[in-house]
Amino acid sequence: MRKIILTFKGHGRPVLVYNISPSVFRSKSLDQLKKLEVKSGNKTYQLKDFFIIEEEEPVIEPVETIIIENSTFNLKRIGEKMDTGRIVVNGDAGMHLGAYMKGGEIIVNGSVDDWCGAEMSGGMINILENAGNFLGANYIGSLEGMRGGVIKVEGSTKDFTGMRMAGGAIIVKRNCGSFLGYYMVNGEITVEASSGSETGSRMRGGVINIYGSAEIGVGFKKVGLNYITSEGKKLTLHVFRGDSIESGEGEIRIREVSK
Amino acid sequence: MDILIENGVFVERIKGRDPIVINAERKVILPGGVDLHSHFAGSKVTLGRLLRPEEHRLRHQFGNSGNHIGTGWATPTPFLCGYLYSKLGYAKIVEPAVPPLKARHTHEEMRGIPYMDKMSLLLLGNSWIIMDLIAQKRLKLLEKYVLWVLWASKTYGIKLVAPGSGEAWAWGKSITHIDDEIPNFSITPKDIIYNLARVNKEIGLKTPVHLHTNNLGSPGNYQTTIDSLKTVENLGLRDGDSPFIIHLVHAQFSSYKGDSWKTFSSGSEEVAAYINSNSHVSFDLGQIIFSNTTTMTADGAWQYNLYRLTGGKWINNDVENETASGIVPYTFKRKNYVNAIQWAVGLELALLVKDPWKLAVTTDHPNGGVFTSYPVIIAWLMNKKFRERTIEKINSKAKHIIILPSIDREYTLFETVIVTRSAPARIMGVKDGATIGIGKEANLAIYDLGDPERDLGENPVKLIKGLSSANYNIKNGLIVMKNGVPVQDFNGVTYYSGGVNESEELTELVDYYFKEYYTVEKENYIVQKGEVMHPVNVLEEVFK
Amino acid sequence: MKIIVNRIIVKATCPYCGCLCDDVEVTLEDGEIYSIKNACPLGRMKINSATSNVRNLKYLIKSGNDKIEVTVDEAVEETANLLLSADKPILYGWSNTSCEAQRLGLKIAKILRGVWDNTTSVCHGTAAIATAESGIPSATLGEVKNRADLIIYWGSNPLEAHPRHFKRYSYYSKGRFVSNNARRKMIVIDVRETSAARLADKFIQVKPNSDYKVISTLHHIIKFGEPPERKAAEVNINDLMEAAKLIKEAKFGVVFFGLGLTMTGYGYCNLDALYSLIRELNRFSKWVTIPMRGHYNVTGANIVASYMTGFPFAVDFSTGKPYYNPGETTIIDLLYHNECDLLMSVAADPLGTLPGEVVSKTIGMKIIAQDPFPTPTTEAADIVLPTLICGVETGGTAYRMDGVPIPLKPILKSRLNLLSDEELLKKILERISWRR
């Protein structure tokens, strides 16, 4: 199994690297990889124009691995539609990381921009710092966001996390912005700290766990209590059902409701 | 045998030198197709686009040549619409629902559709002026007004969508019986159907009144449909190419029995029996295709029901003094009981009605499915085994109550040519545009359907593939498409009807409505010829 | 004694706001404006601007610190040069010009593989996004005129921003089933007491950025007949109970919404909530909602872009296929992320209207400004392309706020030797097509 190291030479404007995906890399020689299509502005380039490409002999990894060094927010669409293998991003990653992803694993040793894991249906994304807006969300018009797989964020996320989420799991270690789980249909979101205003608004189904506090919409009605253990601590969570305005059957379990 | 074309028409002998020669040996050569009911341009189509960017994001076709932009599936952009029809071997298409107030918008989009000749039908079934004139029994004036408003909007014929029900929907209500009085207007849907069918005949429009029945889509509506058709029985037949007095649009959606979704069943036998025993009715299928689509119709109340059934997206857009409209995305599923019955109803109608000259193949694009599915419908009609293969996959409860499996009829290739070309052209009054004959407009599609010596229906996969992409599409004598690739830019004509009249009574009438009820000036309501792509009036521009 | 040589009255469509009043009458005397009938002060000002001295009169190209005058062909050539050499040009504006010009703009953007965005992106774009998420129950303005017995203005200031809206289409209009305003009720919901609020049967003053909560609470009251168990602190329940009563009594209701709803808080969510409420209300009686669009042809820009590309604004052609993703392909986001290297503004003033943070990103970008009037954008531009005033000096087509298409008419013949937006863009398109 191979391991490819891509070192980003840097670029002042966004670069679309939808071809950086193990499924695309798999059967290609180093020479072929160098010529892979990359877009920036209104022009088409080759992968080698923006990256130093090195290949390592098979090591311990069981699956094909791509490592991106010096990554910045200007690299858009890393691992888009990937279905297998592993991508490690050292640095930050731009918009649409792992969008439409079906399988495999992406680890970002940094932060990601908006629409990370949007409409993904399988696989695992692990963000070691923060995520932007629309994490695991839908694209405009689609009725389903993330449908499967797992997204873990060690830091915090911005607004519309898990919008229209229809399956899979999102785990956020720190805070989320507003409209968490907006229009959510199914799946589970766990926020280990707090979330902003209108949490779960227009929710149809699924579960949101919040171990800290959050403001929740007026369409949620309290239905009971739930006791859980998180990292050795016992927590009492208030369980709300809604969003009744949309005749929804979602569930929010929350330690404290903020005003 | 050679077919010769010069200066856009079929000729006996070519005068010019060095003609282009196409070897069509072992190919099937047909006149260009005619689609008499397809929602492809105008306000509601654009609202459909606004409602569904996801569809345009996922579907890009023909996107990379010059400044042509092609996206979309149920609501393709105008360029794409022209290309797709041309690829299918079509030459003339009809947009069947134009609100007069927004006719300018329809023409703006139609100007961008290449290759096709276009016609459009004007929504008059809920027009205040028309309902008032009927109530006041000013029927001569009604004739004049219809001619004027067709002319003002540069449209071709009359369309009635759930007559009177659009007005009721403006108050959030609907009309379920054609003998019910329309709120605030002392007339019934029946009065509208009868009077406009009569006016249509009197003023000599080239196509009959096109009727979208009341109660469309609802269980048990076949009775409403037959009652509506009976309403105009005593009007006799019309003069000219198209003898029919009424055209029942997307009949499939109007041929259901049952009194709820649970007891929903096919009313195709009853509707087909009526059509077989009467000569004044033509119809088109409105066949459904199992797929996702964007439904759009001027039947606002029905679209609201559909939204309540699906719980998804819904656009409503009523047009003052004229019509309602609604848009709802919908997926027809094989395993859904109602959808499976609907699928059977369309094919049953096509197979039970004996005379193919009475019907046209449509999907009511995009309501039942997209027009690019027509070859699949042809295959279903031509091949019983192919129908059985689909029947195996549908909802099992539906499978056992439909009569489709007991119908043995298979269309011949000749009959499919009638229902996709000759019959719709005749119904629309443009018969000459779909005929291969000396002096006629040279619109041809050349297909490779396999060995022409054998039964073409035998291999449905080959048939569908062949019909889906014509080797050549020749429009007005020009090769516009070759193997699904556009060859050159060309714009067809836009047919319209109606004319202006100096009658003081008419001017007074129209001016009153503009002064009191419309929010635009009359002069801005009138679409100028310069706003229309190659306008051709099939009637007199000025009438007495 | 003055001899009147030639006095004629021309009908005009007012090219100012989304009302697109088409009953304006302008009296011309020897080709000059003598009087204007039926226009509001804003429309009058716009029509009179044809005679203003403050116009762009010359085709200018920046040379060092100066701008030098060139011929139209030289200006077109230089515009084509800049556009063709740009890495990702953005063509922005389009709301104050005709549909014909908008179509040409889209074709140019497609060929250049650039971005086409219009001012919707910073005003009612959120309404388009909400429509894509859930759809909008709407109608044309005549439905309101003829039927509405309850009119709600939410976050809009009709008497100041759309002065003839009341009279022509809503509260003061006369219709078939509602003959006068005694038979209509009006609710105004706003953060401040506007002049319309003083005429309303019920004025609800809301706290800034609380609209989402207000709509949700109202929705709850209407759906369940009672206030929610947990009340949002920002909301006055009594006000909403009273409003709900009026709403439920209406036979035909309309909500007109403006920038106060589309551009505050999470604008797009405000509209999601509003559309959802309107859908709910259709279970009881007839309800529609209509946006109070600002620029006279901003609706047309959305319609034209929708049918040409499938998307209403913010269309990015850089990969060859149209791509639309508000939040990424919208002008603010593109400039903020340094994605574009050239800004062509047509009939708009991005430098004068976009947030300062974004405007500062245009430093170093090439700027082309096409406009009849001087603005901060033409001031900063590398190329200035003066044009005739669309709807006053030239015609075309525009769409009213409710999607009704109305012809724009040339009211008078300009003495300036300039081209219309459409003519100029056609030249640019031809030049670009030829060069490619």
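Between C/Arg176 atom CZ and B/Asn184 atom CG the span is 8.0 Å, to the nearest 0.5 Å. Distance check: B/Phe514 CZ to C/Asp23 CG gives 13.5 Å after rounding to the nearest 0.5 Å. Interatomic distance, C/Ile136 CD1 to B/Leu50 CG, rounded to the nearest 0.5 Å: 8.5 Å. To the nearest 0.5 Å, atom CD of residue C/Glu143 and atom CG of residue B/Asp318 are 5.5 Å apart.
Of the listed residues (C/Trp287, C/Phe177, C/Tyr169), the one with the most heavy-atom contacts under 4.5 Å to chain B is C/Phe177. Note: C/Ala139 leads C/Ala139, C/Cys21, C/Ala109 in heavy-atom pairs under 4.5 Å with chain B. Between chain C and the options B/Ile327, B/Asp132, B/Val527, the largest number of non-hydrogen pairs under 4.5 Å is found for B/Asp132. Listed options B/Ala170, B/Pro329, B/Gly312 were ranked by heavy-atom pairs under 4.5 angstrom with chain C; first place goes to B/Ala170. Your options are B/Gln528, B/Lys173, B/Glu54, B/Glu167, and the one with the most heavy-atom pairs under 4.5 Å with chain C is B/Glu167. Per-residue counts of heavy-atom pairs under 4.5 Å with chain C were compared for B/Tyr304, B/Trp128, B/Tyr518; the largest is that of B/Trp128. Residue with the most contacts toward chain C among B/Arg308, B/Glu523, B/Glu521: B/Glu521 (heavy-atom pairs, distance under 4.5 Å). Chain B forms the most heavy-atom pairs under 4.5 Å with one residue out of C/Pro137, C/Gly300, C/Ala305, and that residue is C/Pro137.
When heavy atoms are compared at a cutoff of 4.5 Å, C/Arg283 approaches chain B by way of both its backbone and its side chain. If you measure heavy-atom distances from B/Tyr517 to chain C, the contacts under 4.5 Å come from both the backbone and the side chain. Only the backbone of B/Glu516 has a heavy atom closer than 4.5 Å to any heavy atom of chain C. Proximity to chain B (any heavy atom under 4.5 Å) is shown, for C/Ser173, by neither the backbone nor the side chain. Interface remark: C/Tyr307 contributes backbone and side-chain atoms alike to the contact with chain B (heavy atom separation under 4.5 Å). For C/Thr397, the part sitting under 4.5 Å from any heavy atom of chain B is the side chain, from C-beta outward, and nothing else. Residue C/Phe284 does not touch chain B at all, counting heavy-atom pairs closer than 4.5 Å. For B/Glu108, the parts lying near chain C are the backbone and the side chain together; criterion is any non-hydrogen pair under 4.5 Å. Contacts between B/Tyr513 and chain C at a heavy-atom distance below 4.5 Å involve the side chain alone, from C-beta outward. For chain C, no part of B/Tyr525 is nearby; none of its heavy atoms comes within less than 4.5 Å. For C/Val144, no part lies under 4.5 angstrom from a heavy atom of chain B.
The nearest pair of heavy atoms linking C/Ser306 to B/Thr46 is CB-CG2, 3.8 Å. The two residues C/Thr309 and B/His56 have their closest heavy-atom pair at O-ND1, 4.4 Å. Heavy-atom minimum distance, C/Pro322 versus B/Thr71: CG-CG2, 3.4 Å. Minimum interatomic distance between B/Ile315 and C/Gly135 (heavy atoms only, all atoms of both residues): CG1-CA, 3.8 Å.
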Trace of the side-chain hydrogen bond (donor to acceptor under 3.5 Å, both in side chains) decision for C/Lys409 with B/Asn524: CA-CA 10 Å; C/Lys409 293 163 188 164; B/Asn524 293 328; 2.8 Å; yes
Candidate pair C/Arg400 and B/Thr519, rule side-chain hydrogen bond (donor to acceptor under 3.5 Å, both in side chains), full reasoning: CA-CA 11 Å; C/Arg400 201 167 66 185; B/Thr519 55; 2.8 Å; yes
Worked verdict on C/Ile303 versus B/His105 for side chain to side chain contact (heavy atoms under 4.5 Å, CB included): CA-CA 9 Å; C/Ile303 286 175; B/His105 182 164; 3.4 Å; yes
Verdict with supporting geometry, C/Phe311 and B/Arg49, side chain to side chain contact (heavy atoms under 4.5 Å, CB included): CA-CA 7 Å; C/Phe311 308 116; B/Arg49 295 176 180 119; over 6 Å; no
Pair B/Trp314-C/Tyr275, ring-ring contact (aromatic ring centres under 6.0 Å, His included): steps then yes or no: CA-CA 10 Å; B/Trp314 170 51; C/Tyr275 296 173; over 10 Å; no
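Although no hydrogens or angles enter the test, the distance criterion places a donor-acceptor pair under 3.5 Å between the side chain of B/Asn316 and the main chain of C/Ser138. Side-chain atoms of C/Asp22 never come within 3.5 Å of backbone atoms of B/Val520 as a donor-acceptor pair (strictly under, hydrogens ignored).
Look at B/Lys313 and C/Glu133 and you find no salt bridge, because none of the NZ, NE, NH1 or NH2 atoms lies under 4.0 Å from a carboxylate O. A salt bridge does not link C/Lys145 to B/Glu320: none of the charged side-chain nitrogens sits closer than 4.0 Å to a carboxylate oxygen.
Side-chain atoms of B/Arg111 and C/Arg103, non-hydrogen and from C-beta on, do get closer than 4.5 Å to each other. Looking at B/Tyr307 and C/Arg279, their side chains come closer than 4.5 Å, going by heavy atoms from C-beta outward.
Ring to ring, B/Trp169 and C/Phe252 are not that close: their centroids are 6.0 angstrom or more apart.
Pairs of residues two or more places apart, or lying in two chains, that qualify as salt bridge (Lys or Arg N to Asp or Glu O under 4.0 Å) and include a residue from residues 97-106 of chain B are B/Arg104-B/Glu531.
Applying the salt bridge (charged side-chain N to carboxylate O under 4.0 Å, His left out) criterion to C/Glu25, with sequence neighbours excluded, gives C/Lys37.
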